[in-house]
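In this text, all values refer to a predicted model and were calculated from it rather than measured experimentally.
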Amino acid sequence: MNHFRRSTRFLNVYICSLCKSQQLEKAEAALIDGIRIGYLPDTTTYNTLIVGYASSVGFDAAYSILHRMREAGCRPDVVSYNSLISSAGRCALLSKSLELFEQMHQVGVNPDIWTYNTLMNLLFKYGKPEEANRVFCWILSNNVAPCATTYNTMINGLLKAGYASYALRFFRSTQRCFGFTGGIVTYNILINGLCELGRFGEVKRVLKELDELGTTPNVITYTTVMKCCFRHGKFQQGLEIFSDMKAKGFTFDAYAYCTVISPLIKMGMAKEANECMEQMLRTGIRFDLVSYNTKINLYCKLGNLEGAFRLIDEIEKSGTESDVYTHTTLVDALCKNGDIDKAQLHLKHMEMRGFKSNLVACNSLIHGLCQAGQVGNAMKVFKKMEMKDSFTYTSMVQGLCNAREFLTAYKLIRTCLREGMTLLASVRRAVIFGLRVSGYKRQARKLKSEIRMASVYRYEG
DNA sequence: TTAGGGTTAG
């Protein structure tokens with residue numbers, strides 16, 4: 001008996017390593033070979049396959065393992081259900097996750113703290129913070145012991161839902177009532193959430209608290225603060241953090257590299273970004289989709305569009321699906337290159353592949369059409385767009401000014417202001433100047449005063 | 001089997 005148990009354990013370890021490297025066919029073959037020579041698969045074997053199928057194929061494939069498991073006489077346990085609940089959530093199937101939670105009760109499998117943590121996380125992720133909070137209260141009232149992940153999930157979810165003050169109060173109360181001190185993960189969650197909300201004073205206080213606790217910041221802490229600096233225009237400070245990380249000997253992962261490469265591209269420092277990318281390639285890091293998208297963006301900015309398109313094949317060969325970022329980056333590059341026809345063709349290609357029309361791609365197209373002097377065509381795209389933002393209006397108004405259609409630009413800019421959006425100052429000035437020199441002095445005065453009023457309103461708001 | 005950082009447009 002012990003012999004079989006030990007052998008099954010070896011079989012499970014082997015199947016697990018195959019699943020992790022996405023070799024599902026080999027994992028299935030190992031299972032068949034194992035049975036043939038008398039190593040009976042157990043619940044852990046099938047749980048391993050659930051995780052393998054969930055990460056490489058998808059929820060349905062993972063769910064089908066549950067039936068195979070029962071047919072083989074193995075009873076699904078809490079790990080089987082937790083893995084499936086999590087997989088359904090990753091595939092945007094929240095109702096399926098909740099269904100599986102119900103099913104657990106019906107078949108007599110008791111949920112554990114992992115089940116509740118996963119559910120809470122999914123409820124926050126899909127915009128249901130009240131329900132996530134109800135799960136937390138349920139945990140407490142039913143004497144299930146929360147763990148660090150439970151508190152961290154609550155803090156993260158509350159911050160992402162915009163309840164920063166409540167998240168901080170929640171953290172303080174877990175410290176007081178449950179003796180939860182919080183570790184580096186908690187502090188990283190707090191720093192990231194507060195950075196996203198622009199509450200830099202509190203970020204500084206949290207960083208100080210981390211230091212006082214004697215906890216060493218890790219690569220995630222640094223990456224988070226660095227991104228925050230770049231996002232708020234503090235490029236020099238961001239680059240200093242990057243140098244500091246190198247000096248301290250941090251091992252850079254794909255997240256850290258992408259965090260620094262993208263702002264370098266944005267700042268027009270393509271040469272430096274390329275050096276950083278080459279460094280990233282030298283480390284042999286496995287490229288995931290975001291890394292590939294960053295590389296595609298870099299190639300586009302270096303003018304290597306052919307190389308950028310070749311990278312799509314590389315992505316697909318690596319077994320990853322390209323996404324809306326991949327294609328939108330290419331549409332923008334084609335527009336900037338003046339290849340408007342190719343950009344429009346690529347947009348059609350995106351639609352055929354099931355990508356919905358997206359704001360960024362339309363904005364790039366409007367900008368490209370205006371730059372190419374096709375203001376009429378740009379206006380057609382503009383009118384068809386269901387959603388517009390300040391980028392849309394800025395490009396369109398700029399295009400109209402270049403075409404000396406100041407009255408139309410005047411009407412658009414007023415709509416934009418009414419909707420509470422801002423335009424680049426240079427574009428606002430161009431419209432006012434254009435109106436004046438074209439003899440529309442009254443409209444120019446009116447617009448100037450409306451712009452002033454809108455800025456006062458925003459300031460007071 | 002659960003929680004934290006990275007990608008596109010004016």
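One interatomic measurement links the two molecules: CG of A:L334 to P of B:dT8, which rounds to 17 Å at whole-angstrom precision. Distance, A:I15 CD1 to B:dT1 C1': 17 Å, rounded to whole Å. In this structure, CE of A:M387 is placed 17 Å from P of B:dG10, rounded to the nearest angstrom.
In this structure, A:K266 reaches the sugar-phosphate backbone alone: every heavy-atom distance under 4.0 Å involves primed, P, OP1 or OP2 atoms, never a base. Nucleic acid contact for A:T392: none, since no nucleic acid atom lies under 4.0 Å from a heavy atom of the residue.
Taking side-chain N and O atoms only, A:K125 has no distance below 4.0 Å to OP1 or OP2 of B:dA3.
Applying the 3.5 Å distance criterion, the base of B:dG5 shares no donor-acceptor pair with the side chain of A:T224. At a cut-off of 3.5 angstrom, the base of B:dG10 holds no donor-acceptor pair with the side chain of A:S395. In the interface, the side chain of A:D389 is not paired with the base of B:dG10 through any donor and acceptor atom under 3.5 Å apart.
Look at A:Y325 and the base of B:dT8; the rings do not stack under the cut-offs of 5.5 Å between centres and 30° between planes.
The existence of a salt bridge linking A:K317 and A:E314 is excluded, since no basic side-chain nitrogen approaches an acidic carboxylate oxygen closer than 4.0 Å.
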What side-chain donor-acceptor pairs closer than 3.5 Å can you find for residues 365-382 of chain A, not counting sequence neighbours?
{"unit_1": "A:Q374", "atom_1": "OE1", "unit_2": "A:N377", "atom_2": "ND2", "d": "2.8"}

